[in-house]
Number of protein chains: 2
Amino acid sequence: MSSTQMLKGIIDGCILAIIQEKEIYGYELAEKLEQYGFDSFSEGTIYPLLIRMQKEELVTSTLKKSTAGPKRKYYSLTQKGKNELQQFMVRWDKLQNSVNHVLYK
Amino acid sequence: MSSTQMLKGIIDGCILAIIQEKEIYGYELAEKLEQYGFDSFSEGTIYPLLIRMQKEELVTSTLKKSTAGPKRKYYSLTQKGKNELQQFMVRWDKLQNSVNHVLYK
DNA sequence: GTTAATACCTTGTAATACAAGATAAAGGAC
DNA sequence: GTCCTTTATCTTGTATTACAAGGTATTAAC
């Protein structure tokens with residue numbers, strides 16, 4: 001993943017980090033992102049992203065019954081996903097340094 | 001500008017910050033970004049971006065002779081650009097907090 | 001059986017990072 | 001004087017992707 005894709009892909013990394021904590025389903029993830037202070041990540045963003053990440057074999061999913069509503073698709077990280085998260089954290093750190101260097105010199 | 005566009009638009013803010021320091025032309029800007037640790041911002045990224053920012057009236061430009069090569073197009077911030085930079089810095093700060101909250105809890 | 005809440009997915013659009021390549025001007029080598 | 005290199009800008013085309021908008025399914029409560 002290039003540095004550019006990172007600029008576009010910050011959410012990806014954050015989602016990997018949240019999933020690593022504990023397995024989680026899309027709807028819950030959306031709520032959690034809002035808690036963490038991210039504005040407006042709609043389901044139109046999150047579901048396609050999760051599907052993409054599963055295609056890339058960063059996450060796996062299992063269906064579990066819900067108390068109310070359709071089955072929940074719980075996601076957890078694969079080893080590849082854990083590696084990707086590590087790499088993301090390095091890139092994020094570097095990006096943070098660069099941006100702060102520019103902004104605050 | 002939404003939070004999403006920000007994710008994609010971090011470079012925009014950085015470029016505004018660099019231009020605010022002193023007027024600068026595209027080619028020089030590309031070099032400077034590399035100095036600051038950004039990988040690989042090619043001219044195919046930077047020139048369209050500068051043109052876009054001028055269209056949005058965030059920057060103005062004036063041509064000046066170069067010692068070698070075609071005329072340099074020096075960019076500087078408009079008042080609108082300065083405001084945008086301020087807003088970007090606030091959004092960046094918020095984003096940083098959110099991401100770090102997720103990553104390092 | 002209707003409503004509300006929960007949960008997932010799809011389609012279409014606009015933005016945009018970037019590679020690749022075109023163009024232009026100046027200076028130096030020969 | 002013509003060729004090469006360096007400096008400098010711009011354009012075209014492609015792939016990615018955030019998101020709005022809307023659709024579908026399941027359960028509980030009434």
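In what follows, chains carry the letters A, B, and so on, assigned in the order in which the sequence lines appear, proteins first and then strands, with residues in each chain numbered from 1.
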Less than 3.5 Å apart, which donor and acceptor atoms pair up between the side chains of residues 46-55 of chain A and the rest of the protein, not counting sequence neighbours?
{"from": "A/Tyr47", "atom 1": "OH", "to": "A/Tyr27", "atom 2": "N", "distance (Å)": "3.4"}
{"from": "A/Gln54", "atom 1": "OE1", "to": "A/Ser61", "atom 2": "OG", "distance (Å)": "3.4"}
{"from": "A/Gln54", "atom 1": "NE2", "to": "A/Ser61", "atom 2": "OG", "distance (Å)": "3.1"}

Under the salt bridge (Lys or Arg N to Asp or Glu O under 4.0 Å) rule, what do B/Arg91 and B/Glu84 come out as? Steps first, then yes or no, please. CA-CA 10 Å; B/Arg91 287 200 312 275; B/Glu84 182 59 30; 3.7 Å; yes
Of B/Tyr74 and A/Leu49, the one whose nearest nucleotide on DNA chain D sits closer to the 5' end is B/Tyr74
Which nucleotide in the set D/dT11, C/dC9, C/dA7 lies at the smallest distance from any side-chain heavy atom of B/Ile51? D/dT11
Please give, in whole Å, the distance from D/dT12 P to B/Glu43 CD? 17 Å
Specify the separation, in whole Å, of atom NZ of B/Lys55 and atom P of C/dT16. 12 Å
Whole angstrom is fine here: how far is it from CG in B/Leu50 over to P in D/dC10? 8 Å
Between A/Lys80 (side chain) and A/Glu56 (backbone), is there a donor-acceptor pair under 3.5 Å? yes
When you check the phosphate oxygens OP1 and OP2 of C/dT16, does a side-chain N or O of B/Arg52 lie under 4.0 Å from one of them? yes
Looking at residues 14-30 of chain B, who's got a heavy atom less than 4.0 Å off DNA chain D? B/Tyr25, B/Gly26, B/Tyr27
Compare side-chain N and O positions of A/Tyr47 against OP1 and OP2 of C/dC9 and report whether any pair is under 4.0 Å apart. no
Quick one: does B/Ser76's side chain have a donor or acceptor within less than 3.5 Å of a partner on B/Glu23's backbone? no
Looking only at side-chain N and O atoms, does B/Ser42 come under 4.0 Å of OP1 or OP2 in C/dA19? yes
Can you check the B/Lys71 NZ to C/dA24 C1' distance for me, whole Å? 12 Å
Grab the CD1-P distance between B/Ile46 and D/dT9 for me, whole Å please. 10 Å
A/Ile11 CD1 to D/dT17 P, straight-line distance once rounded to whole Å: 10 Å
Please tell me if B/Ser66 has a side-chain N or O lying less than 4.0 Å from either OP1 or OP2 of D/dT7. no
Using the six-membered ring of B/Tyr74, assess whether NZ or CZ of B/Lys64 lies under 6.0 Å from its centre and within 45 degrees of the ring axis. yes
Give a yes or no on whether the backbone of B/Arg72 and the side-chain of B/Ser66 come within a donor-acceptor separation of less than 3.5 Å. no
Just how far, in rounded Å, is P of C/dA26 from CZ of B/Arg72? 12 Å
More 5' along DNA chain D: B/Glu31 or A/Gly44, using each one's nearest nucleotide? B/Glu31
Sidechain-backbone polar pair: A/Asp93 side chain, A/Met89 backbone, donor-acceptor under 3.5 Å: no
How close or far is atom P of D/dA25 from atom NZ of A/Lys73, stated in whole angstroms? 15 Å
